[in-house]
Enquirer: 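My structure is below; once you've seen it, I'll send some questions.
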Amino acid sequence: MRYSSYFIHTLFDVPKEAEAPSHILLLRGCYIYPVAAGVYSLLPLGHRVAEKIKTIIREELNGIDGIELTMPVLNPAELWKKTKRYYDIGAELIRIKDRKDREFVLAMTNEETVTDLAKHFLRSYRDLPVMLYHIQTKIRDEARPRGGLLRIREFFMKDAYSFHRDFADLDAYYPRIFNAYLRIFARCGVESIPIEADSGIMGGSGSHEFMLESPNGEDRFVVCTHCDYRANTEKAEGVKSRLEKPAVPPPPREKIATPGVKTIADLMRFFNTDEARFLKTVAYEADGDLVLAVIRGDYAVSVTKLTNHLQAIHVDLASEERLAAKGFHAGFLSPVEAGGVRVIVDTSVAAGDVFIAGANERDAHFKNVCAGRDFPLGEQTDLAEVREGDLCLNCRQGTLRLGRGIELGHTFKLGTKYTAPETMDVTYLDPAGEQQRVIMGCYGIGVERLLASVVERWHDEAGIIFPPTIAPFQLVLVAIGKSPEVLASAEKLYQDLKRRYEVLYDDRDESPGVKFKDADLLGFPLRLVVSQKLLKAGQVELKVRQTGEVVICPQNDLEATLDQLFQNLQPTLEGLPYMEE
RNA sequence: CGGGGCGUAGCGCAGACUGGUUAGCGCACCUGCCUUGGGAGCAGGGGGUCGGAGGUUCAAAUCCUCUCGCCCCGACCA
């Protein structure tokens with residue numbers, strides 16, 4: 001490809017809307033162009049990278065017996081009503097009507113359409129297992145798109161679905177997709193950290209997110225400093241410290257006037273003691289019902305954990321009006337005399353622990369509230385957000401380190417969420433002629449997010465540093481000067497090289513500085529330079545973008561040198577945290 | 001959804017507080033000359049409904065009201 005006739009218009013200045021490095025560099029490099037909030041065109045360069053990522057995904061999935069198909073974005077609402085997702089998902093799901101007033105949705109994923117296929121075609125145990133996947137546009141009306149390609153509203157997602165005779169078969173298949181994911185990300189040049197993920201209300205035995213650790217990530221996870229425990233903070237659990245037990249039973253609880261003292265910080269000042277001495281009570285509305293979550297003051301309630309425990313769909317902080325209607329007062333809530341409201345207590349609170357807690361009346365708290373005595377510990381579970389430095393529950397030796405990351409992919413043992421009788425009811429006949437339920441798994445990767453993640457991981461002040469596996473061109477050829485010899489030589493090199501490599505020939509009438517800056521910005525793995533001076537010596541120059549290494553080599557050795565340099569840049573697939581197959 | 005910020009040429013910005021020639025600068029773009037190892041130089045040139053609507057005024061990029069768009073932060077701890 002010749003630069004002069006291709007579609008590249010790099011920007012010198014940083015567009016002011018961009019903050020994340022990948023956002024800035026992809027805009028400056030003419031990889032993407034914004035169309036609306038969270039909606040982008042992939043320009044020719046970006047398109048090439050995305051296609052390469054898709055190719056890697058296809059190769060790996062085909063390698064584990066995945067079968068590609070294409071399912072539509074436009075889905076009849078009927079299908080989504082069957083699985084209840086039509087009702088359970090909020091505004092993120094775009095609902096539209098056709099000219100005949102029939103309801104449709106724009107698919108965010110394709111469980112409905114693929115399970116419908118399974119129901120229709122998979123009748124016999126002989127048809128199972130099977131894994132179907134596609135790389136298709138997904139539409140999600142995100143509340144807040146951000147970071148360029150990091151969170152967008154329309155994107156390509158590879159979504160894969162596997163169907164199995166039973167859980168054992170799903171369990172047997174799962175490591176294969178897990179390992180394929182590790183290879184996909186590694187081949188794209190990024191280190192992915194597989195972590196245990198929250199599997200939501202359907203429970204199930206397994207879900208993993210593959211994270212790229214990055215300051216621009218939106219997800220938080222913990223890794224143990226000692227063992228291989230790694231988990232999303234939505235799921236992670238640390239060992240909780242215990243309060244010292246009082247030597248003698250505490251005196252009866254005592255009401256203290258605490259006008260305007262509402263937050264734990266206020267209370268700490270008022271009572272001059274540390275936060276673990278307080279009981280924090282938070283009121284939620286779970287699918288319409290009021291519940292109180294009770295936790296020690298030095299921990300925070302995880303809404304995800306609470307939601308899962310309640311098996312609820314929507315859990316939100318209770319409104320002031322809702323509280324007032326029940327006679328509660330925000331800031332003075334308490335499980336003591338909670339008037340029959342459902343109370344869930346975190347495991348940070350143990351029987352006999354003594355706290356300062358709300359009095360369930362305005363401007364008052366209780367001292368000497370004793371867990372188990374002044375309020376029951378009946379419904380108790382882990383509700384706490386994990387904290388940096390908590391002892392690892394898995395090995396009890398290491399501590400948990402908090403990390404921030406970008407979710408590159410998600411694998412999920414779905415079980416029967418979509419095949420159960422109350423949803424799409426998918427069964428097959430086993431060898432004995434008995435009806436058996438089909439068991440599912442689903443697995444997703446966002447293509448654009450992966451692209452942006454690679455740039456987040458691989459860039460410097462000068463620009464992007466693409467791994468050769470997904471670079472839009474492997475090699476950029478730069479001719480310096482306009483002498484006929486140089487141009488003729490560059491032209492010949494271009495003709496030769498493009499037979500073996502993807503070469504961008506920068507044939508523009510620009511100064512060397514401009515060409516070098518653009519080459520660096522755009523991130524081609526190797527830069528090949530021809531100049532008068534080099535030609536006289538029968539040499540060419542190669543520069544490795546990633547290392548800055550410069551190799552002057554005789555023209556005769558060019559191909560061998562190129563092969564060697566590319567070899568060095570190949571990502572390794574050794575030593576990844578593979579799951580035993 | 002809540003909070004903050006920003007909308008003036010493709011990109012980055014000035015002009016606005018204190019209304020008043022023909023709305024300006026850098027980069028990019030076009031033409032010519034010149035130059036070629038890290039965003040060169042000279043000369044000439046094209047490009048703007050000042051986000052939109054309404055209002056105040058003799059006069060609005062500038063003041064007022066409404067609205068649309070984009071970006072960032074937050075989305076819970078009583």
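Throughout, a chain's letter reflects where its sequence line sits, starting with A, and its residues are numbered from 1.
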Enquirer: Report which part of the nucleic acid A/D316 touches: base, sugar-phosphate, or nothing (heavy-atom distance under 4.0 Å, all strands).
Expert: nothing
Enquirer: Describe the nucleic acid contact of A/Q532 in one word from base, sugar-phosphate, nothing, applying a heavy-atom distance below 4.0 Å.
Expert: nothing
Enquirer: B/rG20 and B/rG39: how far apart are their C1' atoms, nearest whole angstrom?
Expert: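 Looking at atom C1' only, B/rG20 and B/rG39 are 41 Å apart.
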Enquirer: Please classify the nucleic acid contact of A/Y284 as base, sugar-phosphate, or nothing, using heavy-atom distances under 4.0 Å.
Expert: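 Base contact - A/Y284 has a heavy atom under 4.0 Å of at least one base atom.
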Enquirer: How many whole angstroms separate atom CG of A/L535 from atom P of B/rU36?
Expert: 16 Å
Enquirer: Per the atom types in the model, does the base of B/rG38 pair as donor or acceptor with the side chain of A/K543 at under 3.5 Å?
Expert: yes
Enquirer: A/D520 has an atom CG; how far is it from atom C1' of B/rG38, in whole Å?
Expert: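 For the pair A/D520 CG and B/rG38 C1', the rounded distance is 8 Å.
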Enquirer: Do A/E510 and B/rG39 have a side chain to base donor-acceptor pair shorter than 3.5 Å?
Expert: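 Counting by modelled atom types and ignoring angles, no donor-acceptor contact under 3.5 Å is found here.
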Enquirer: Of the options B/rC73, B/rG26, B/rG39, whose atoms approach the side-chain atoms of A/L521 most closely?
Expert: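 Within the option list, the nearest is B/rG39.
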Enquirer: With both distances kept under 3.5 Å, what pairs with B/rU57, Watson-Crick or G-U wobble?
Expert: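 The answer is none; no pair meets the criterion.
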Enquirer: Go ahead and name the base partner of B/rG2; Watson-Crick or wobble counts if both distances stay under 3.5 Å, otherwise write none.
Expert: B/rC73
Enquirer: To the nearest Å, how far apart are A/I24 CD1 and B/rC71 C1'?
Expert: 12 Å
Enquirer: For A/G147, report the nucleic acid contact type (base, sugar-phosphate, nothing); a contact means any heavy atom under 4.0 Å.
Expert: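 Sugar-phosphate, backbone atoms only, no base.
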Enquirer: Give me the one residue out of A/Y501, A/Y6, A/Y505, A/Y494 that meets ring-ring contact (aromatic ring centres under 6.0 Å, His included) with A/F473.
Expert: A/Y6
Enquirer: Taking atom C1' of B/rG38 as reference, at what distance in whole Å does atom CD of A/E461 sit?
Expert: 15 Å
Enquirer: Mind checking the C1' distance from B/rA23 to B/rG47? Whole angstroms is fine.
Expert: 14 Å
Enquirer: Can you tell me how far CD1 of A/I406 sits from CG of A/D219, rounded to the nearest 0.5 angstrom?
Expert: 9.5 Å
Enquirer: Could you tell me whether A/V529 contacts a base, only the sugar-phosphate backbone, or nothing, with contacts defined as non-hydrogen atoms closer than 4.0 Å?
Expert: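 Counting heavy atoms under 4.0 Å across all strands, the contact made by A/V529 includes a base.
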Enquirer: Provide, to the nearest angstrom, the distance between the CZ atom belonging to A/R146 and the P atom belonging to B/rC71.
Expert: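 Roughly 12 Å, once rounded to whole Å.
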Enquirer: Among B/rG12, B/rA78, B/rC77, find the nucleotide with the atom closest to the side chain of A/L323.
Expert: B/rA78
Enquirer: Among the candidates B/rG39, B/rA78, B/rG37, find the nucleotide nearest to the side-chain atoms of A/F12.
Expert: B/rG39
Enquirer: How close or far is atom P of B/rC6 from atom NZ of A/K16, stated in whole angstroms?
Expert: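 Answer to the nearest Å: 11 Å.
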Enquirer: Between B/rC73 and B/rA16, how far apart are the two P atoms, rounded to whole Å?
Expert: 31 Å
Enquirer: Could you work out which one of B/rG39, B/rG12, B/rA78 sits closest to the side chain of A/R28?
Expert: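 Taking heavy atoms from C-beta onward, the closest nucleotide is B/rG39.
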Enquirer: Indicate the ring-plane relationship of A/Y31 and A/F466, choosing parallel, tilted or perpendicular according to the 30° and 60° boundaries.
Expert: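 Aromatic pair A/Y31/A/F466 classed tilted.
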Enquirer: Starting the side chain at C-beta, find the nucleotide from B/rG38, B/rG39, B/rG12 nearest to A/E17.
Expert: B/rG12
Enquirer: Please work out if A/L267 contacts a base, only the sugar-phosphate, or nothing of the nucleic acid, heavy-atom cut-off 4.0 Å.
Expert: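 No contact.
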Enquirer: Could you tell me whether the side chain of A/Q532 reaches within less than 4.5 Å of the side chain of A/E485, counting heavy atoms only?
Expert: yes
Enquirer: Round to the nearest Å and state the distance from A/R508 atom CZ to B/rC29 atom C1'.
Expert: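 Interatomic distance, CZ of A/R508 to C1' of B/rC29: 14 Å.
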Enquirer: What's the closest nucleotide to the A/E19 side chain, out of B/rC77, B/rC72, B/rU36?
Expert: B/rC72
Enquirer: Against the six-membered ring of A/Y86, is A/R95 placed for a cation-pi contact (under 6.0 Å from the centre, within 45° of the normal)?
Expert: yes
Enquirer: Do the side chains of A/K515 and A/D518 get close enough for a salt bridge, i.e. N-O under 4.0 angstrom?
Expert: no
Enquirer: Between B/rG2 and B/rU57, how many Å separate the two C1' atoms, rounded to a whole number?
Expert: 38 Å
Enquirer: So what's B/rC29 paired with, Watson-Crick or G-U wobble, going by both distances under 3.5 Å?
Expert: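 Per the H-bond distance test, B/rG45.
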Enquirer: Once you apply a heavy-atom cut-off of 4.0 Å, does A/A283 come out as touching a base, just sugar-phosphate, or nothing?
Expert: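 Counting heavy atoms under 4.0 Å across all strands, the contact made by A/A283 includes a base.
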Enquirer: Could you give the distance separating B/rC27 and B/rG5 at their C1' atoms, to the nearest angstrom?
Expert: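 Here B/rG5 and B/rC27 have their C1' atoms 25 Å from each other.
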Enquirer: Would one find a side-chain N or O of A/S511 under 4.0 angstrom from OP1 or OP2 of B/rU35?
Expert: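 Checking A/S511 against B/rU35: no side-chain N or O falls below 4.0 Å of OP1 or OP2.
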Enquirer: Could you check how far CD of A/E285 sits from P of B/rA75, rounded to whole Å?
Expert: 20 Å
Enquirer: So which one's nearest nucleotide on RNA chain B is more toward 5', A/H329 or A/G481?
Expert: A/G481
Enquirer: Quick one: label A/A37 by what it contacts on the DNA or RNA (base, sugar-phosphate, nothing), any heavy atom closer than 4.0 Å.
Expert: sugar-phosphate
Enquirer: Let me spell it out: for each of A/L333 and A/Y33, pick the nucleotide of RNA chain B with the closest heavy atom. Which residue's pick is nearer the 5' end?
Expert: A/Y33
Enquirer: May I ask you to decide whether A/D509 forms a salt bridge with A/K482, counting only side-chain N to carboxylate O separations under 4.0 Å?
Expert: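 Salt bridge flag = yes for A/K482 with A/D509.
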Enquirer: Taking OP1 and OP2 of B/rC73, is either one under 4.0 Å from a side-chain nitrogen or oxygen of A/R144?
Expert: yes
Enquirer: Please assess A/E510 against A/Y3 for the test side-chain contact (heavy atoms from CB on, under 4.5 Å), listing each intermediate value before the final yes or no.
Expert: CA-CA 11 Å; A/E510 288 285 0; A/Y3 198 125; over 6 Å; no
Enquirer: Tell me which nucleotide among B/rG38, B/rG39, B/rC77 gets nearest to the side chain of A/E385.
Expert: B/rC77
Enquirer: For A/A318, which contact category applies under a 4.0 Å heavy-atom criterion: base, sugar-phosphate, or nothing?
Expert: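 Answer is base: heavy atoms of A/A318 come under 4.0 Å of a base.
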Enquirer: As a test of reading the structure: which of B/rG38, B/rC70, B/rA78 is closest to the side chain of A/R527, going by heavy atoms?
Expert: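 Of the options given, the side chain of A/R527 lies nearest B/rG38.
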Enquirer: Could you check whether A/R362 gets within reach of a base, just the sugar-phosphate, or nothing at all, counting any heavy atom under 4.0 Å?
Expert: nothing
Enquirer: State the pairing partner of B/rC13; accept Watson-Crick or G-U wobble contacts with both distances under 3.5 Å, and report none otherwise.
Expert: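 Base-paired to B/rG24.
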Enquirer: Pick the P atom in B/rG19 and in B/rA59, then give their distance to the nearest Å.
Expert: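 Result for the P pair: 15 Å, nearest Å.
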Enquirer: Just by distance, with hydrogens left out, do A/T109 and A/R85 show a side-chain donor and acceptor under 3.5 Å apart?
Expert: yes
Enquirer: Starting the side chain at C-beta, find the nucleotide from B/rG39, B/rG37, B/rC11 nearest to A/D13.
Expert: B/rC11
